[in-house]
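Before any comments, here is the structure.
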Amino acid sequence: MKPLQDTCRIAVVQAAPVMFDKDACLQKALELIDSCAARGAELIVFPELFLPGYPYGMTYGFTVGSRTAAGREDWSTYYDNSLLAAGPELRRLRDSARTHGVYISIGYSERDSLLATLYNSNLMIAPDGAALNHRKLKPTGSERVVWGDGDRDFFPVMDTPWGPMGNLICWESYMPLERTALYQKGVAIYISPNTNDNPEWQHTIRHIAIEGHCYFVNCNMFFTRADYPKTASGGAEIAALPEIVCRGGSCVIDPYGHEASETLWDREGVVYAELTMRHVPASRMEHDVCGHYARPDVLSLRVKEDDPPRLTKPKNCVKLIKNLY
């Protein structure tokens, strides 16, 4: 590994989106970026689908073999509030990164620029405004009625002063070969934007931090039943949800599997942490998962990349984001 900057001050945002309202979500995100940057954050991380929210519990009128007109109306609303990767809303986030000189990671519902398919996506932004997009490879369970399989932007990794930084969205982290695709790129900061507040997930994040000997950034949302707007099809479904729909649990785990921050439950807030980056190479002394602890002569992974460079530096990303679609 090349030399790393000694520390990274990270802000992990556990906030409720303004459900299904992209403009209000964007304004909230910009205000949170201002606040985190004012407190010295160098890397600011937002949850999965912060723009325009995660429609937990909704079915959009889908049953096997049939749909409903009301469900189609609600899906259309969600579609209208999804974002183009190169659209004006995400350009404002890139401008904010430039203004504050910070790295940003944010989850959003991506609208294809040509087709009518949505993707569960995450954008990493560098301080010069350059950006790398990642589409969730396989939506989980009934998410597949809302978002399509990622067809590009599989495993982007951004070169940062703290080492390679990448992200997998929610249950992508339960796909061992996807994790390995990041490990092969030497990921030092593994970002996980997610909607997982179950206790088992807290064990998962510690395992992955140890397996990859990297910092694991667990960024979840907090939102309640009252945060949902009125919908055409989801009234009964939303009414059946608990008062607190997603409890959060955001935190940072160090490369040894130990807590590098508090774990935040049952409220909105920002988790701040100082990451000691020398822990990453030091932790790999006896276990470098794709280095000296690997046996490529016996086991190997071949990854189909849509972007040939193994590691894309921020200065090279502007062309990439301009030519995304």
Side-chain angles (χ1 to χ4, degrees), residues 1-4 8 48 105 119-122 124 132-141 143-144 149-160 162-194 196 198 200-218 252-260 275-313 316 320:
M1 298 178 67
K2 63 184 184 181
L4 306 179
C8 171
E48 175 185 25
S105 170
Y119 300 95
N120 183 344
S121 297
N122 194 83
M124 295 185 296
L132 287 173
N133 197 53
H134 167 56
R135 287 178 171 177
K136 188 175 183 180
L137 206 62
K138 173 62 71 174
T140 305
E143 289 179 357
R144 294 168 206 169
D149 288 357
D151 61 345
R152 65 186 76 169
D153 306 334
F154 300 136
F155 308 113
V157 168
M158 182 171 279
D159 194 13
T160 78
W162 316 291
M165 179 174 74
N167 71 86
L168 294 183
I169 300 167
C170 203
W171 273 32
E172 284 191 299
S173 286
Y174 283 130
M175 299 174 74
L177 298 184
E178 279 209 69
R179 298 200 305 271
T180 303
L182 287 191
Y183 299 154
Q184 287 186 157
K185 296 184 177 186
V187 65
I189 299 177
Y190 181 127
I191 295 174
S192 174
N194 67 82
N196 275 322
N198 53 306
E200 296 83 2
W201 180 250
Q202 295 293 319
H203 299 300
T204 293
I205 66 180
R206 285 157 176 79
H207 167 82
I208 294 173
I210 296 170
E211 179 180 70
H213 281 301
C214 53
Y215 277 100
F216 190 102
V217 181
N218 180 44
V252 182
I253 306 299
D254 77 11
Y256 298 100
H258 305 146
E259 292 182 354
L275 311 186
T276 303
M277 297 313 301
R278 61 184 172 83
H279 288 335
V280 175
S283 71
R284 296 178 182 177
M285 180 182 75
E286 72 274 33
H287 178 85
D288 190 8
V289 67
C290 289
H292 63 73
Y293 207 77
R295 282 293 305 275
D297 56 321
V298 179
L299 300 166
S300 63
L301 172 65
R302 182 178 62 85
V303 179
K304 178 183 177 182
E305 293 278 9
D306 59 332
D307 178 33
R310 186 168 183 269
L311 188 63
T312 307
K313 296 184 177 181
N316 296 329
L320 176 63

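What you see is a predicted model; the values in this text were computed from it and never measured.
Side chain of Lys185 to main chain of Phe155: a donor-acceptor pair is present (N/O by atom type, distance under 3.5 Å, no hydrogens or angles). Without hydrogens or angle criteria, Arg135 side chain to Asp151 main chain gives no donor-acceptor distance under 3.5 Å. No donor-acceptor pair closer than 3.5 Å links the side chain of Thr276 to the backbone N or O of His279.
For OH of Tyr256, the number of neighbouring non-hydrogen atoms (other residues, nucleotides, ligands) closer than 6.0 Å is greater than 12. For CZ of Arg144, the number of neighbouring non-hydrogen atoms (other residues, nucleotides, ligands) closer than 6.0 Å is greater than 12.
In the model, His134 has a side-chain atom that pairs as donor or acceptor with a side-chain atom of Glu172 under 3.5 Å.
Contact annotation: the side chain of Glu259 never approaches that of Asp254 to less than 4.5 Å [non-hydrogen atoms, C-beta and beyond]. Contact check for Arg206 versus Ile208: no side-chain heavy atoms found under the 4.5 Å cut-off. Considering only heavy atoms from C-beta on, Ile169 stays 4.5 Å or farther from Asn194 through its side chain. A heavy-atom distance below 4.5 Å is found between the side chains of Lys136 and Glu143. At a threshold of 4.5 Å between non-hydrogen side-chain atoms, the residues Glu200 and Asn198 count as touching. Side-chain atoms of Leu168 and Leu182, non-hydrogen and from C-beta on, do get closer than 4.5 Å to each other. With a 4.5 Å cut-off on side-chain heavy atoms, Arg284 and Cys290 do not count as touching. Side-chain contact check for Thr140 versus Cys170: every heavy-atom pair is 4.5 Å or farther apart.
Taking all atoms of both residues into account, the shortest heavy-atom contact from Val289 to Gly212 is CG1-CA, 4.4 Å. Pairing each heavy atom of Ser283 with each of Pro255, the nearest pair is OG-CB, 3.4 Å. Shortest non-hydrogen contact noted between Val157 and Pro164 is CG1-CB, 3.4 Å. Nearest heavy atoms, Gly166 versus Met124: CA-SD, 4.0 Å. Shortest non-hydrogen contact noted between Ala209 and Ile253 is CB-CG2, 3.7 Å. Listed here is the closest heavy atom pair of Ala181 and Val303: CB-CG2, 4.0 Å.
Atom CG of Asp159 and atom CG of Leu132 lie 10.5 Å apart (nearest 0.5 Å). To the nearest 0.5 Å, atoms CG (Leu137) and CG (Leu177) are separated by 10.5 Å. Separating the CE atom in Met285 from the NE2 atom in His287 is a distance of 13.0 Å, to the nearest 0.5 Å. Atom OG of residue Ser173 and atom CG of residue Asn218 lie 9.0 Å apart, to the nearest 0.5 angstrom. The NE2 atom of His207 lies 10.5 Å from the CZ atom of Phe216; values are rounded to the nearest 0.5 Å. Once rounded to the nearest 0.5 Å, the distance linking CD of Gln184 with OG of Ser300 reads 8.5 Å.
Trp171 and Tyr174 have perpendicular rings, their planes meeting at more than 60° on a 0 to 90° scale where under 30° would count as parallel. The aromatic rings of Tyr190 and Tyr183 are tilted relative to each other, their planes meeting at an angle between 30° and 60°.
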**OP:** Just do the side chain to side chain contact (heavy atoms under 4.5 Å, CB included) check on Met165 and Ile191 with the steps written out, would you?
**Re:** CA-CA 7 Å; Met165 179 174 74; Ile191 295 174; 3.7 Å; yes
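For the side chain to side chain donor-acceptor pair (under 3.5 Å) criterion with Glu48, the lone passing option out of Asn122, Asn120, Asn167, Asn196 is Asn120.
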